[in-house]
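Treat the numbers as computed from the prediction; the structure is a model and nothing was measured.
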Amino acid sequence: MQNAPAAERNKEPILAVLRECVDTVRPLNALEISSGTGQHVHHFAQSLRNINWQPSEFDRQSLTSIEAYRAHHKLDNVKPAIHLDASLPSENWEGIQPESLDLVVNINMIHISPMACTEGLFKGAGMVLKPQGVLLTYGPYAVNGQVTPQSNIDFDRSLRQRCSEWGIRDVSLLSSISQKSGLFLEKVVDMPANNKCLLFRKESLV
């Protein structure tokens, strides 16, 4: 099992946001896109037992780690991890059906992937979420074109040096992209270590 120190630090603060934005009693279905090591999904599943969790990853080594966590914890509300490329249309998301999910979670992917993955994330979430379903994203974001503080400016520079298609995205840009897929930015939550949770909700059909 892989262990990411950042995931250990932020899993509880993110869980606290989840508790505020989703029903903690009614049975729900959730997809985590870019599950990484598997630490987050298993932490959430232990606390939110009413939610049936589907982890997913693009990286094959991470898929192995997720399955190791699943074997260790033996939680009946965590499904086997699936291989998922967020840049592809949701029809390619390993059988995830349209309007079948109450929640999509995406942690620390947007800034370390090409924009095609971010666009695919929002387009796909708009397809697979039920009306009034929630997309939660977490990570560092720019606000009104400004990256703050200096540590995030330095981080953004290092990301772009590693890959020209990576970098910290602006909240207003993500809000604009989300609207094209029937989602709207409902809430921005400031988090520890200069990160934020963005909560997008799928509009109901009137």
Side-chain angles (χ1 to χ4, degrees), residues 6-7 9-11 13-22 30-36 40 56 58 84-90 93 99 101-206:
R9 291 193 299 270
N10 63 38
K11 65 185 184 181
I14 298 172
L15 175 60
V17 176
L18 282 172
R19 289 185 186 279
E20 292 292 319
C21 73
V22 299
L31 167 67
E32 185 183 22
I33 295 177
S34 190
S35 295
H40 286 118
S56 71
F58 178 75
L84 190 150
D85 183 343
S87 70
L88 296 178
S90 60
W93 287 8
E99 297 196 348
L101 301 175
D102 304 280
L103 173 67
V104 175
V105 175
N106 181 246
I107 297 169
N108 281 334
M109 181 200 82
I110 289 174
H111 59 286
I112 53 171
S113 60
M115 183 57 75
C117 292
T118 296
E119 293 170 343
L121 167 69
F122 284 103
K123 189 173 182 179
M127 293 294 293
V128 300
L129 282 171
K130 301 174 184 177
Q132 290 297 299
V134 170
L135 165 64
L136 179 148
T137 72
Y138 169 92
Y141 301 98
V143 178
N144 297 324
Q146 300 294 314
V147 177
T148 58
Q150 186 63 45
S151 59
N152 274 359
I153 295 174
D154 295 340
F155 182 45
D156 182 53
R157 185 183 300 115
S158 71
L159 289 172
R160 295 178 189 278
Q161 287 173 346
R162 288 169 62 191
C163 179
S164 61
E165 294 189 278
W166 294 3
I168 293 176
R169 315 298 185 190
D170 197 285
V171 172
S172 61
L173 172 64
L174 300 180
S175 178
S176 177
I177 293 173
S178 75
Q179 290 172 22
K180 297 175 184 177
S181 298
L183 304 168
F184 65 93
L185 179 59
E186 183 175 78
K187 192 174 184 181
V188 178
V189 183
D190 289 326
M191 303 292 283
N194 305 306
N195 292 299
K196 299 180 188 298
C197 275
L198 308 184
L199 298 175
F200 300 87
R201 192 172 294 275
K202 184 174 178 177
E203 297 175 319
S204 295
L205 297 175
V206 178

Show the nearest heavy-atom pair for residues N195 and G139, with the distance to one decimal. OD1-C, 3.2 Å

List the atom of P13, the atom of N10, and the distance in Å for their closest heavy-atom pair. CD-O, 3.2 Å

Above 12 or not: heavy atoms from other molecules or residues under 6.0 Å from CG of N144? no

Would you say that more than 12 heavy atoms from the other residues, nucleotides or ligands in this model lie under 6.0 Å from the CE of M109, or not? yes

So, do I112 and L159 sit near enough that their side-chain heavy atoms are less than 4.5 Å apart? yes

Could you grab the distance from atom CG of L185 to atom OG of S176, nearest 0.5 Å is fine? 11.5 Å

Among I110, T118, L199, whose side chain to side chain contact (heavy atoms under 4.5 Å, CB included) with T137 holds? I110

Between P140 and I168 the two heavy atoms that sit nearest each other are O-CG2, 3.5 Å

So P192 and R9, do their side chains get closer than 4.5 Å, heavy atoms only? no

In Å, rounded to the nearest 0.5 Å, how long is the span from OG of S90 to CG of L31? 10.5 Å

Donor-acceptor pair, side chain of D156 and main chain of V147, under 3.5 angstrom: no

Minimum heavy-atom separation for I177 and F122, please, with both atom names. CG2-CD1, 3.9 Å

Under 3.5 Å, is there a donor-acceptor pair between the side chain of R201 and the main chain of Q132? yes

dist L173:CG -> M115:CE (nearest 0.5 Å) comes out at 5.0 Å

Within residues 117-131 or reaching into it, pairs that qualify as salt bridge (charged side-chain N to carboxylate O under 4.0 Å, His left out) - sequence neighbours excluded: D102-K130

Surrounding CD of Q146 (heavy atoms of other residues, nucleotides or ligands, distance under 6.0 Å), is the total greater than 12? no

Between W93 and D85, the two heavy atoms sitting closest are NE1-O, 3.4 Å

Once you round to the nearest 0.5 Å, how far does CH2 of W166 lie from CD of Q161? 12.5 Å

Report the C-alpha separation of I14 and M191 in whole Å, then their side-chain angles, then the decisive distance to 0.1 Å, and conclude whether the side chain to side chain contact (heavy atoms under 4.5 Å, CB included) test is met. CA-CA 8 Å; I14 298 172; M191 303 292 283; 4.1 Å; yes

Measuring from S158:OG to I153:CD1, what's the distance to the nearest 0.5 Å? 12.0 Å

V105 vs L18, test: side chain to side chain contact (heavy atoms under 4.5 Å, CB included). Steps then yes/no. CA-CA 9 Å; V105 175; L18 282 172; 4.2 Å; yes

Please report the closest heavy-atom contact between E32 and I107, naming both atoms and the distance. OE2-CD1, 3.8 Å

Taking the side chain from K202 and the backbone from P131, do they hold a donor-acceptor pair closer than 3.5 Å? no

Is it the case that more than 12 heavy atoms not belonging to E20 sit under 6.0 Å from its CD atom? no

d(L198 CG, L136 CG) to nearest 0.5 Å is 8.0 Å

With distance as the sole test, does S178 use its side chain to make a donor-acceptor pair with the main-chain N or O of S175 at under 3.5 Å? yes

